[in-house]
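Taking it in order: structure first as structure tokens, then the write-up.
All residue numbers refer to positions in the sequence shown, counting from 1. Keep in mind it's a predicted model, so treat the numbers as computed, not measured.
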Amino acid sequence: MALASGVRFAERALLRPWALLRGTTLGRTEPAAGGGGDGARRFGSQRVLVEPDAASGVAVMKLRNPPINALSLELLTELVISLEKLENDKTFRGVILTSDCPRVFCAGLDLTEICGRNPAHCAEYWKAMQELWLRTYLSSLVLVAAINGACPAGGCIIALSCDCRVLADNPKYRIGLNETLLGIIAPFWLKDTYVNTIGHRASEQALQLGSLFPPAEALQVGLVDQVVPEDQVQSTALSEMARWLAVPEPGSSQVGPIFFRSRAPADQEHDAKGHRRPPAEAARRRHPELCQLRLQRLHPEVAAGVLGEAPTEERLRAVLPARVLAKPILVGTVALEDSSPVFAHLKLLRALCFAHLPRRP
Ligand SMILES: CCCCCC/C=C/CC(=O)SCCNC(=O)CCNC(=O)[C@H](O)C(C)(C)COP(=O)(O)OP(=O)(O)OC[C@H]1O[C@@H](n2cnc3c(N)ncnc32)[C@H](O)[C@@H]1OP(=O)(O)O
């Protein structure tokens, strides 16, 4: 949610996602649907459509990377840029995140970005993913997720990074962190995000089992705040947004993501002169491990030994999309440096570990 109003992401140099973009048109501006009589203009990029309403200070941001809104490097990058653009525009205080693709909110990481790619690409991809997480989780805007489709894995993380979640009541629209079923072990920050939302025991169970919750269960466990008929998702999200924005000067109080989402000692939040650090820098100080993530090409046996048991080919074949498996798999693993202070906590650092599988016959 909103941070102190004067606090913005000054540390832009750390977030230079446009450098990652290849062949993407950004900043296209066109009249908003419905006339845009208030002067608000629709803008966006190839994969992110932004419909701003200057009068209410709320923008609707739609993911449109068909068919399933997989988080490709381009989509991650364009999301970061679009959010940054709105954060920099004082007109806007809230964003509703939703999908422009039927039946899917977001399928999570684009597995084609990490299968059969070289370590440099995987590292670039992993970094972009973390940047989006930091950008959403520590956003100075109120973020409401209008979840109008399936919401597994990375899609769920995006939703969890929002202040509030409204899910369409369709049993096919399941939500949760199913990473373990893919042989991906949740990094600590992903686990923490789950715990912060649904509590320790529920997270322990859900993460380890890779549970995907249908709407009623998602509501019961606290993963979403409202479940409503599909045609009411958008309007409910707008009502929720109004409720959050009704709080005077959200973020100028001590109640905001920094308050709730960190347990940082004061010296990580403030510099020697007592000035509040930019949120991205504060987050990096709290979690130096984030900066230390390195892609290492580990020998499969080493990966299995260091990172725990590698998933079997049968298991992966059962869950991974056929298109992904058609490519030579993997890739290696993302792990923390040996020198990381948390290296001992294996459960937390088994970040992204796939088995080394032979080419599909
Ligand atoms: C804030 C930053 C993010 C932090 C992220 C932290 C880490 C997250 C880890 C992950 O996200 S790993 C990815 C896990 N994702 C999944 O398990 C989703 C798998 N997909 C599905 O469950 C379904 O596809 C769906 C999303 C429910 C949609 O079902 P639908 O029946 O509508 O479509 P499909 O026929 O299944 O798929 C269409 C097409 O898309 C391919 N595909 C599906 N998922 C992915 C994916 N994640 N990456 C790449 N490609 C994917 C699928 O293979 C089909 O391809 P085809 O060529 O048409 O056969």
Side-chain angles (χ1 to χ4, degrees), residues 15 17-24 26 44-50 61-84 95-117 121-139 143 145-162 165 173-187 189-190 193-194 210 212 290 293 295 319-321 323-324 327 330-331 334 351-354:
L15 302 168
W18 43 89
L20 301 172
L21 279 177
R22 290 177 297 255
T24 318
L26 276 169
S45 54
Q46 222 169 308
R47 298 162 193 87
V48 179
L49 177 68
V50 182
M61 189 177 286
K62 294 181 177 172
L63 283 65
R64 56 166 178 197
N65 193 21
I68 48 149
N69 278 335
L71 293 168
S72 62
L73 182 58
E74 287 78 13
L75 177 57
L76 289 171
T77 308
E78 291 175 20
L79 279 168
V80 170
I81 292 172
S82 299
L83 279 166
E84 181 174 5
V95 171
I96 291 176
L97 271 174
T98 192
S99 166
D100 200 42
C101 297
R103 298 183 305 283
V104 183
F105 176 75
C106 170
L109 298 189
D110 185 339
L111 296 167
T112 64
E113 294 274 13
I114 47 179
C115 293
R117 299 296 193 99
H121 180 84
C122 292
E124 183 184 24
Y125 180 67
W126 188 253
K127 183 167 178 291
M129 182 193 77
Q130 289 179 167
E131 294 294 2
L132 178 62
W133 177 66
L134 284 174
R135 177 65 64 187
T136 50
Y137 199 62
L138 297 174
S139 178
L143 300 180
I147 309 166
N148 52 350
C151 192
C156 177
I157 280 291
I158 290 180
L160 288 173
S161 308
C162 294
R165 287 157 288 283
Y173 297 172
R174 297 190 301 159
I175 178 169
L177 299 178
N178 59 328
E179 278 79 353
T180 50
L181 298 180
L182 302 177
I184 297 173
I185 309 299
W189 48 271
L190 191 142
T193 310
Y194 224 16
L212 287 172
L290 275 181
L293 282 169
L295 191 84
V319 289
L320 284 179
R323 185 153 61 84
V324 172
K327 297 176 192 299
L330 174 95
V331 197
V334 174
L352 189 60
C353 174
F354 278 60

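- When all heavy atoms are compared, the tightest approach of P67 to C101 is O-CB, 3.8 Å.
- Residue L76 forms a side chain to side chain contact (heavy atoms under 4.5 Å, CB included) with just one option from E131, E113, R135, M129, and that option is M129.
- Residue L160 comes nearest to T193 through the heavy atom pair CB-CG2, 3.7 Å, listed as atom of the first residue, atom of the second, then distance.
- Residues L143 and L83 are in side-chain contact: their nearest non-hydrogen atoms beyond the backbone lie under 4.5 Å apart.
- Atom CG of residue L181 and atom CG of residue L212 lie 7.5 Å apart, to the nearest 0.5 angstrom.
- At a threshold of 4.5 Å between non-hydrogen side-chain atoms, the residues M61 and I96 do not count as touching.
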Under the side chain to side chain contact (heavy atoms under 4.5 Å, CB included) criterion, do Y125 and L71 qualify, and how do the steps go? CA-CA 10 Å; Y125 180 67; L71 293 168; 4.1 Å; yes
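- Applying the side-chain hydrogen bond (donor to acceptor under 3.5 Å, both in side chains) rule to Y173 yields the partners E230; only residues at least two apart in sequence or on another chain are considered.
- Of the possible polar contacts, none joining the R174 side chain to the C151 backbone as a donor-acceptor pair under 3.5 Å is found.
- Using a 4.5 Å heavy-atom cutoff, the side chains of L97 and C162 are in contact.
- The heavy-atom pair separating L63 from F105 by the smallest distance is CD2-O, 4.2 Å.
- Here the closest non-hydrogen pair linking N148 and S99 is ND2-O, 3.0 Å.
- Residue Y194 comes nearest to L177 through the heavy atom pair OH-N, 3.4 Å, listed as atom of the first residue, atom of the second, then distance.
- Closest of all the heavy-atom pairs between A146 and T98 is O-OG1, 2.9 Å.
- Applying the side chain to side chain contact (heavy atoms under 4.5 Å, CB included) criterion to A150, with sequence neighbours excluded, gives P152.
- In this structure, S82 contributes its side chain and L79 its backbone to no donor-acceptor pair below 3.5 Å.
- Considering only residues two or more places apart in sequence or on other chains, N65 meets the side chain to side chain contact (heavy atoms under 4.5 Å, CB included) condition with R47, N69, S72, L75.
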